[in-house]
Amino acid sequence: MCALSFQDELVYWGIEEEHLEWCCRRRIRQKEEEMAEATLFEDEVEANEAPQCAFKDSGRLPLCMRKLRDMVENPHSGIPGKIFAYISVSFVVITAVTLCISTMPDLREEEDRGECSQKCHDIFVLETVCVAWFSFEFLLRSIQAESKCAFLKTPLNIIDILAILPFYISLIVDMASPKTSDKPGGGGVGNKYLERVGLVLRTLRALRILYVMRLARHSLGLQTLGLTVRRCTREFGLLLLFLCVAMALFSPLVYLAENEMGAKHEFTSVPSSYWWAVISMTTVGYGDMVPRSIPGQVVALSSILSGILLMAFPVTSIFHTFSRSYIELKEEQQRAANRQFHELEESNHFPEDSSSQEEESSSLRGNNGAAIPVEMEQGTKYC
């Protein structure tokens with residue numbers, strides 16, 4: 001029997017849930033939470049499946065805008081959507097590779113000297129082409145959006161803006177820096193200005209790594225990860241709370257144990273011991289701070305065991321939420337593909353039906369426009 005139906009029966013007969021055993025109450029609470037999450041997810045799906053196109057009227061232009069929306073937003077809408085998604089992913093991969101190559105030591109030395117070799121020029125050309133494509137894609141998405149404010153508030157679109165703008169800002173800074181540096185006014189001021197400009201440029205170039213987040217538009221796994229993080233905010237808060245409490249407990253203990261009996265004073269203060277506590281409880285163990293005394297090692301063992309247990313409690317709930325979110329997104333993707341397939345079949349059958357009706361109506365008439373008797377027409381069919 002369904003737990004929710006059983007709860008309705010309890011409400012109907014006026015029986016309180018406190019009379020149930022704890023296992024039955026836990027099952028009812030679990031089903032209520034799952035039902036609430038499913039309702040919230042259905043509302044999100046309906047909001048996403050609602051038409052977002054800027055032109056809703058019938059006509060050639062609205063039809064083109066709907067096709068544009070399917071191409072840029074839904075890779076499973078057809079061949080244009082798949083081609084568009086493959087091109088976008090390819091440019092993201094090229095951007096990530098060029099970002100890695102631009103950090104090589106020889107290129108960094110050329111940048112420090114103010115020189116630009118052929119390799120540096122080729123990387124700049126590739127980056128320019130990629131940013132041009134990303135800008136064109138963002139423009140297409142903004143054109144087909146119904147509400148521009150809602151479009152700009154979307155997290156993925158905010159990431160796109162933060163990833164695209166640094167390139168144009170760095171171009172403006174590069175164009176303005178020679179003019180400013182040529183002004184008379186002392187070498188010290190010019191050197192400080194160039195240092196600040198270099199810091200700004202390096203910071204902006206580091207933001208190019210945000211291009212990788214664009215893969216969430218075309219990756220079911222990344223979408224599942226984002227949905228899980230949004231649904232498990234309470235669990236992540238509990239995980240952070242457990243970690244902070246354990247860190248505040250074990251850091252003073254290891255500090256006291258090492259300062260009283262340790263031969264090497266690696267733990268100089270309680271705040272410096274916080275780093276050791278985090279690394280120990282997460283079982284990373286860099287080895288930069290190691291307790292040498294027996295009491296310190298006992299405290300370290302306790303922190304490691306407690307860290308494993310404390311992190312395992314919320315992680316179980318996060319794992320179940322991740323699996324449910326993956327199944328829901330996969331089912332949603334399958335429903336969208338089936339709906340698109342049925343719409344395509346209906347559009348293909350509609351002209352065939354209309355043409356067959358026209359042929360039948362024309363066959364019922366003779367050459368002079370007079371109607372042919374039905375019996376004759378049936379006879380010719382059987383012949």
Drop me the distance from [X]'s [atom1] to [Y]'s [atom2], to the nearest 0.5 angstrom.
X      : Y      : atom1 : atom2 : value
Thr128 : Ile123 : OG1   : CD1   : 11.5 Å
Arg29  : Cys24  : CZ    : SG    : 12.0 Å
Leu68  : Leu140 : CG    : CG    : 5.5 Å
Gln334 : Glu331 : CD    : CD    : 9.5 Å
Asn259 : Ser293 : CG    : OG    : 9.5 Å
Leu20  : Leu10  : CG    : CG    : 5.5 Å

Shortest non-hydrogen contact from [X] toward [Y]:
X      : Y      : result
Ala277 : Met247 : CB-CG, 3.9 Å
Gln144 : Val72  : CG-CG2, 4.2 Å
Glu235 : Pro314 : O-CB, 3.8 Å
Leu239 : Leu310 : CD1-O, 4.3 Å
Met281 : Ala246 : SD-CB, 3.1 Å
Ile161 : Pro166 : O-CD, 4.3 Å

Notebook entry, point to check: Hey, mind stepping through Tyr274 and Phe250 against ring pair (Phe, Tyr, Trp, His ring centres under 6.0 Å) and telling me if it holds?
Noted result: CA-CA 8 Å; Tyr274 287 159; Phe250 290 109; over 10 Å; no
Notebook entry, point to check: Charged N to carboxylate O under 4.0 angstrom, Glu328 versus Arg231?
Noted result: yes
Note to self: Between Arg141 and Glu137, does any NZ, NE, NH1 or NH2 come within less than 4.0 Å of an OD or OE carboxylate oxygen?
What the structure shows: yes
Among the clusters formed by ILVMFWY side chains lying less than 4.5 Å apart, do [X] and [Y] turn up in the same one?
X      : Y      : answer
Val131 : Ile169 : yes
Ile308 : Val245 : no
Leu220 : Leu225 : no
Leu301 : Val254 : no
Trp275 : Leu253 : yes

Counting only heavy atoms not in [X], do more than 12 sit closer than 6.0 Å to its [atom1] atom?
X      : atom1 : value
Ile294 : CD1   : no
Tyr326 : OH    : no
Tyr86  : OH    : no

Notebook entry, point to check: Stepwise, does the side-chain contact (heavy atoms from CB on, under 4.5 Å) test hold for Phe242 with Ser306?
Noted result: CA-CA 10 Å; Phe242 294 160; Ser306 63; over 6 Å; no
Examine the side chains of [X] and [Y] and answer whether a donor and an acceptor come within less than 3.5 Å of each other.
X      : Y      : answer
Ser272 : Ser269 : yes
Asp288 : Trp276 : no
Thr95  : Glu127 : no
Ser135 : Tyr168 : yes

Heavy atoms, side chains only, cut-off 4.5 Å: are [X] and [Y] in contact?
X      : Y      : answer
Cys232 : Phe322 : no
Gln223 : Leu227 : no
Thr228 : Arg324 : no

Under 3.5 Å, side chain of [X] to main-chain N/O of [Y], donor-acceptor pair present?
X      : Y      : answer
Thr154 : Asn157 : no
Ser251 : Ala248 : no
Ser88  : Phe84  : no
Thr316 : Ala312 : yes
Ser142 : Leu139 : yes

Checklist line | CA sep, side-chain torsions, deciding dist, call: Arg292, Val290, side-chain contact (heavy atoms from CB on, under 4.5 Å) | finding: CA-CA 6 Å; Arg292 306 292 180 179; Val290 181; 4.3 Å; yes
Next item on the list: Could you label the plane-to-plane angle of the Phe136 and Trp133 rings as parallel, tilted or perpendicular, counting under 30° as parallel and over 60° as perpendicular?
Entry: tilted
Margin query: One pair to check against side-chain contact (heavy atoms from CB on, under 4.5 Å): Phe313 and Leu238. What are the steps and the verdict?
Written below: CA-CA 9 Å; Phe313 294 150; Leu238 288 176; over 6 Å; no
Item checked: Evaluation steps, side-chain contact (heavy atoms from CB on, under 4.5 Å), between Met71 and Ile83 -> CA-CA 9 Å; Met71 183 183 68; Ile83 294 175; over 6 Å; no
